[in-house]
Amino acid sequence: MTTSGSALSGSTSSPETFAQIRAWLRICEQHDTCNRWALINGLDIGLPLRLLDVGQRSSRTNLRLVCGGTLPPQGSRYMTLSHCWGVEPILKLTSANLDAFCNGMSETQLPKSFQDAISIARYLDVRYLWIDALCILQDSSLDWQIQAQTMAQVYSGSYLNIAATDSSNSSGGIFSERDKTLPERYLAPRVVHYTRQMVYWECTASTASEALPPALNSGFGDIRRLKKLDSRALQTHNLSSEVTQAVYALWDHLVALYTRGNLTYGSDKAIAIQGVAKVICRYLRLDERSAYVNGLWRPKFVDGLMWICERSRNSDIRGPLDSGACSWSWLSRRGSIWSSHGGGPPVSRVLEIQADCILNMPTAAAGGFARLRGPMCRAVVSFAMSAEIDNPMWQPFQLLLGGETMVATKSCRLYFDDPEQYITTEASEHEIYLLLGRAKIDGECTAGTESTDILEKAPSWSGHNYECLAVKPVERRPGHFRLVGKVNLAIRETNEEGRRTTATMEEDKRLRRVVDTQFRTHDISEDLYESVDDFMYTITLL
């Protein structure tokens with residue numbers, strides 16, 4: 001086993017590197033969780049519909065496509081490849097060349113990453129390899145939908161997953177001279193990561209690299225820690241709130257990893273993440289038929305709405321994917337998604353949800369609606385040229401709420417999916433509506449208040465952190481809105497030294513009065529909501 005400080009070979013394709021991977025495999029084959037990974041996750045064990053037969057290292061044969069159903073289940077080990085497609089055209093499986101692929105194909109026709117994966121499989125004496133572009137018909141939506149349902153089984157049942165971590169497209173190759181993979185790798189029991197610096201190992205029991213022994217963190221330890229959650233979630237009869245929250249945090253983490261992968265075809269997201277969602281559903285003991293709705297979880301729906309889409313200067317990976325996608329689902333956006341199921345308690349309530357994309361019924365569409373009931377108020381947003389932004393996630397806007405102007409700072413954070421529409425010369429102010437999703441309160445919020453203080457009579461959502469959905473009415477659809485962003489009002493003032501003082505706490509109270517009063521002011525036109533009762537508005541999000 002290579003130890004810390006050992007000299008690295010000149011290339012990740014060297015015999016020394018392969019010897020190291022073999023050593024990792026020998027150790028990992030003794031891990032019970034790695035060997036039973038598919039069973040632990042409740043997934044059927046079997047071979048994929050199609051596999052590439054790469055032959056044997058000792059007697060190479062022509063590369064060809066074979067039917068997994070014709071191979072003996074025992075002894076037919078296969079590997080998988082995680083890679084980024086990129087935008088360059090590559091050779092891929094279609095209805096027209098299916099027969100030709102089965103009869104044999106030339107390796108020289110394949111992208112460099114595919115050729116390298118074939119070499120790795122041969123060096124490790126694994127005869128079969130699964131690559132999505134060569135094993136799924138790329139011109140058949142039916143074949144894609146059928147195979148998407150078994151994606152979890154494909155990765156969970158693989159002997160080893162090869163992650164071309166440093167390659168931005170299929171032509172980049174896996175090997176590199178020393179000088180984004182999707183979270184489906186989370187489903188694989190073993191992953192070997194090829195990066196520009198060195199090769200890393202990750203399995204359910206350990207992580208390592210060519211320069212670090214298995215006991216040390218190699219940089220991919222976060223996934224191993226997430227995998228260790230399985231034993232806690234699956235071996236406990238009744239899930240504790242701690243474990244439940246840990247599973248939802250796992251989902252948030254995987255969504256962030258997944259959306260950073262920049263799928264070449266954005267509409268594939270809804271289908272491709274189904275495998276991971278099925279595993280999470282099992283961890284949470286939820287009903288697969290109804291729990292998962294367009295990338296969100298029904299029991300934590302309001303928490304699931306609290307996502308933001310990271311700013312990007314590349315307009316090709318921003319904004320809604322298509323007009324038919326529901327605005328409240330992160331599946332309808334391109335770009336990195338950040339979500340959190342660990343905020344304050346929900347204030348709004350869910351009345352009804354209808355979604356096109358549910359488990360066991362994969363579809364590229366993510367249409368649907370959600371009827372919600374919660375506090376809502378009118379606000380005006382405008383571009384703030386002078387706003388001091390020290391975080392690239394925040395946007396230079398100011399919010400006019402109840403006569404109070406709140407500039408984008410740590411205490412007022414605005415995230416809009418399409419910020420450019422608010423930075424125009426035609427209109428300096430834009431009307432939006434805020435639906436209060438979650439609110440967090442601490443001991444200081446009511447400490448020292450008199451009985452006559454407005455906070456004493458404030459509704460249950462009074463707090464120092466208000467997480468609101470920014471929504472805009474849909475034309476000619478009374479009571480219907482679309483989600484356009486998120487507004488966080490973190491009312492916790494400090495002085496110039498960053499300290500809390502009596503004066504700053506009094507300012508907190510004043511600002512909270514402004515926010516609370518605005519949410520209790522009936523200044524919303526009757527044609528914009530379905531009903532209102534005790535300052536709780538019923539609306540439909542499309």
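Taking every heavy atom of both residues into account, Leu483 and Trp307 meet most closely at CD2-CZ2, 3.8 Å. Taking each heavy atom of Cys326 and Asn294 in turn, the nearest pair found is SG-ND2, 3.1 Å. Residues Leu401 and Arg378 share a closest heavy-atom pair of CD1-O, 3.7 Å. Contact record, Gly295 with Leu331: N-CD1, 3.7 Å, taken as the closest heavy-atom pair. Trp251 and Val276 get closest at one heavy-atom pair: CZ3-CG1, 4.1 Å. Taking each heavy atom of Ser340 and Asp252 in turn, the nearest pair found is CA-OD2, 3.4 Å.
Contact of the Cys468 side chain with the Leu436 side chain is registered, since non-hydrogen atoms from C-beta on lie closer than 4.5 Å. Here the side chains of Glu352 and Thr540 are not in contact, with every heavy-atom distance at 4.5 Å or above. A 4.5 Å side-chain heavy-atom check between Tyr155 and Ser82 finds at least one atom pair inside the cut-off. Taking 4.5 Å as the limit, some side-chain heavy atom of Arg520 sits within range of a side-chain heavy atom of Thr517. Taking 4.5 Å as the limit, some side-chain heavy atom of Phe481 sits within range of a side-chain heavy atom of Leu528. For the pair Tyr433 and Ile539, the minimum side-chain heavy-atom distance is 4.5 Å or more. Between Val381 and Val487 the shortest side-chain heavy-atom distance does not fall below 4.5 Å. Residues Phe535 and His522 meet the side-chain proximity criterion, which asks for heavy atoms closer than 4.5 Å.
Distance check, rounded to the nearest 0.5 Å: CG of Leu284 to NZ of Lys300 gives 9.5 Å. How far CD1 of Ile131 is from NZ of Lys92: 14.5 Å, rounded to the nearest 0.5 Å. Here the CZ atom belonging to Arg476 is positioned 13.5 Å from the CG atom belonging to Asp527, to the nearest 0.5 angstrom. A distance of 9.5 Å separates CD in Gln147 from OG in Ser140, rounded to the nearest 0.5 Å. Atom OG in Ser327 sits 13.0 Å away from atom CZ in Phe369 (nearest 0.5 Å). Rounding to the nearest 0.5 Å places CD1 of Ile353 at 8.0 Å from CG of Leu296.
Of the possible polar contacts, none joining the Arg298 side chain to the Val293 backbone as a donor-acceptor pair under 3.5 Å is found. Formation of a donor-acceptor pair under 3.5 Å by the Ser339 side chain with backbone atoms of Met306 is not found in this model. A donor-acceptor pair under 3.5 Å is formed between the side chain of Asp287 and the backbone N or O of Arg289. Side chain of Asp143 to backbone of Leu137: a donor-acceptor contact under 3.5 angstrom is found. Distance alone, capped at 3.5 Å, is enough to place a donor-acceptor pair between the Arg373 side chain and the Asp533 backbone. A distance-only check finds no donor-acceptor pair linking the side chain of Ser348 to the backbone of Leu372 [under 3.5 Å]. Counting only distance, with no hydrogens or angles, the side chain of Thr521 and the backbone of Asp523 share no donor-acceptor pair below 3.5 Å.
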Ile524 vs Val532, side chain to side chain contact (heavy atoms under 4.5 Å, CB included): CA-CA, chis, key distance, verdict: CA-CA 10 Å; Ile524 300 178; Val532 61; over 6 Å; no
Chi angles and distances behind the side-chain hydrogen bond (donor to acceptor under 3.5 Å, both in side chains) call for Asn161, Thr80: CA-CA 5 Å; Asn161 183 58; Thr80 51; 2.7 Å; yes
Verdict with reasoning, Trp130 to Ile136, per side chain to side chain contact (heavy atoms under 4.5 Å, CB included): CA-CA 10 Å; Trp130 188 90; Ile136 300 176; 3.9 Å; yes
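Other residues, nucleotides and ligands contribute at most 12 non-hydrogen atoms within 6.0 Å of the CD atom of Glu526.
One finds no salt bridge joining Lys278 and Glu288 here, because no Lys/Arg side-chain nitrogen approaches an Asp/Glu carboxylate oxygen to under 4.0 Å.
Checked against salt bridge (Lys or Arg N to Asp or Glu O under 4.0 Å), Lys486 has the following partners two or more places apart in sequence or in another chain: Glu467. Residues forming a ring pair (Phe, Tyr, Trp, His ring centres under 6.0 Å) with His480 (at least two apart in sequence, or on another chain): none.
Using cut-offs of 30° and 60° on the angle between ring planes, the pair Tyr529 and Tyr537 is perpendicular.
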